[in-house]
Amino acid sequence: DIKIFVEGDVKEFSERVKTNLELRDLYKQAVALDKKIKMSWSDRKIHDLHMKWTEEIHQLKTRNCSTEPIWEKNIELPKGVTLLNSEKAIANEGSSMHHCIYTNYCNLLKRKSMIAFHVVNEDGDFTCSFHICKDDIVFDQAYKAWNKRLTDSEMQFATSLKKYVAELVS
């Protein structure tokens, strides 16, 4: 029940979460940490808590991460692109990039419902992910360290990785 973890107008939360990915993630974190979200919080406060709670969950969950590959199939990826292919790799990505790929998405990645890549380029590293749906592969999100936005050309490159996801899941 949303009311357990959200203090304030639940209808407002439902509307606000549609456009604020960090609020969506913060809700998952509130559930994991048994904390409450206040609808009076600013976007800045939500961002800061998202980063803090990500680190808290990361510390709790990463003690015994598996290095076993999630995907057995090997595919050739473009230069600078690495498949995040184990729980340990996903945890390290979350830690080094300071975002919530491990704390909020590791279970989806381990169940092969999502695929994520680390990309190195001249403008800086970023992480991108795709949802694997029954009949489609859907680009999910891409962020640089600390959830900074990508340039348009980086975003275009990130979304172009969909063909490699298709190859991997085929």
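Along the sequence shown, residues are numbered consecutively beginning with 1. It should be emphasised that the depicted structure is a prediction, and the values quoted were computed from it without experimental measurement.
The shortest distance between side-chain heavy atoms of D136 and K162 falls below 4.5 Å. Side chains of I115 and V169 form a contact here, defined as non-hydrogen atoms less than 4.5 Å apart. You'll find the side chain of F157 stays beyond 4.5 Å of the side chain of N121, heavy atoms only. Residues L109 and L84 have side chains not in contact (no heavy-atom distance under 4.5 Å, counting atoms from C-beta outward). Contact of the E154 side chain with the V119 side chain is not registered, since no non-hydrogen atoms from C-beta on lie closer than 4.5 Å. Inter-residue side-chain proximity for L23 and I37 is flagged as met; some heavy-atom pair is nearer than 4.5 Å. A heavy-atom distance below 4.5 Å is not found between the side chains of E55 and M51. Considering only heavy atoms from C-beta on, T82 stays 4.5 Å or farther from L77 through its side chain.
Residues forming a salt bridge (Lys or Arg N to Asp or Glu O under 4.0 Å) with R44 (at least two apart in sequence, or on another chain): D48.
Minimum heavy-atom separation, F139 to C128: CE1-CB, 4.2 Å. For the residue pair K144 and T151, the shortest heavy atom distance occurs at NZ-CG2, 4.4 Å. Minimum heavy-atom separation, E93 to H118: OE2-ND1, 2.6 Å. Of all non-hydrogen atoms in A158 and F130, the two that sit nearest each other are O-CZ, 3.2 Å. Nearest heavy-atom pair, S170 versus E167, reported as atom, atom and distance to 0.1 Å: OG-O, 2.9 Å. Nearest heavy-atom pair across Y102 and C65 is OH-SG, 3.7 Å.
With hydrophobic clusters built from ILVMFWY side chains whose heavy atoms lie under 4.5 angstrom apart, I70 shares a cluster with I75. L150 and V138 are not part of a single hydrophobic cluster, where members link through side-chain heavy atoms under 4.5 Å apart. In the hydrophobic cluster analysis, where Ile, Leu, Val, Met, Phe, Trp and Tyr join through side-chain heavy atoms closer than 4.5 angstrom, W53 is grouped together with I2. No path of Ile, Leu, Val, Met, Phe, Trp and Tyr side chains, each step under 4.5 Å between heavy atoms, connects L108 with L26, placing them in separate hydrophobic clusters. I101 and Y27 fall into different hydrophobic clusters, defined by Ile, Leu, Val, Met, Phe, Trp and Tyr side-chain heavy atoms under 4.5 Å apart, directly or through other members.
W146 and H98 have parallel rings, their planes meeting at less than 30° on a 0 to 90° scale where 60° marks the start of perpendicular.
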Between E76 and Y164, is the side chain to side chain donor-acceptor pair (under 3.5 Å) condition met? List the steps. CA-CA 8 Å; E76 191 169 329; Y164 297 97; over 6 Å; no
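Rounded to the nearest 0.5 Å, atoms CH2 (W41) and CD (E7) are 8.0 Å apart. Atoms CD1 and NZ, from I90 and K88 in turn, are 12.0 Å apart once rounded to the nearest 0.5 Å. With rounding to the nearest 0.5 Å, the separation of CZ in R16 from CG in D9 is 11.0 Å.
When the shell of 6.0 Å around CZ of R24 is examined, it contains more than 12 heavy atoms from other residues, nucleotides or ligands. Taking a 6.0 Å sphere around NZ of K148, one finds it holds 12 or fewer heavy atoms contributed by other residues, nucleotides or ligands. Within a 6.0 Å radius of NZ in K38, other residues, nucleotides and ligands contribute 12 heavy atoms or fewer.
Remark: of the listed residues K52, H50, E56, H50 is the sole one forming a side chain to side chain contact (heavy atoms under 4.5 Å, CB included) with Q29. Considering N147, N104, T127, D25 as possible partners of H99, the one that fulfils the side chain to side chain donor-acceptor pair (under 3.5 Å) test is T127.
Between the side chain of K36 and the backbone N or O of I4, at least one donor-acceptor pair lies under 3.5 Å. Side-chain atoms of N85 never come within 3.5 Å of backbone atoms of P69 as a donor-acceptor pair (strictly under, hydrogens ignored). Proximity of a side-chain donor or acceptor of S95 to a complementary backbone N or O of A91 within less than 3.5 Å is not detected. D125 places no side-chain N or O within donor-acceptor distance of the main-chain N or O of V120, the cut-off being under 3.5 Å.
Clustering of Ile, Leu, Val, Met, Phe, Trp and Tyr by side-chain heavy atoms under 4.5 Å joins Y143 with L21.
Judged by distance alone, the side chains of K45 and S40 never bring a donor and an acceptor atom under 3.5 Å apart.
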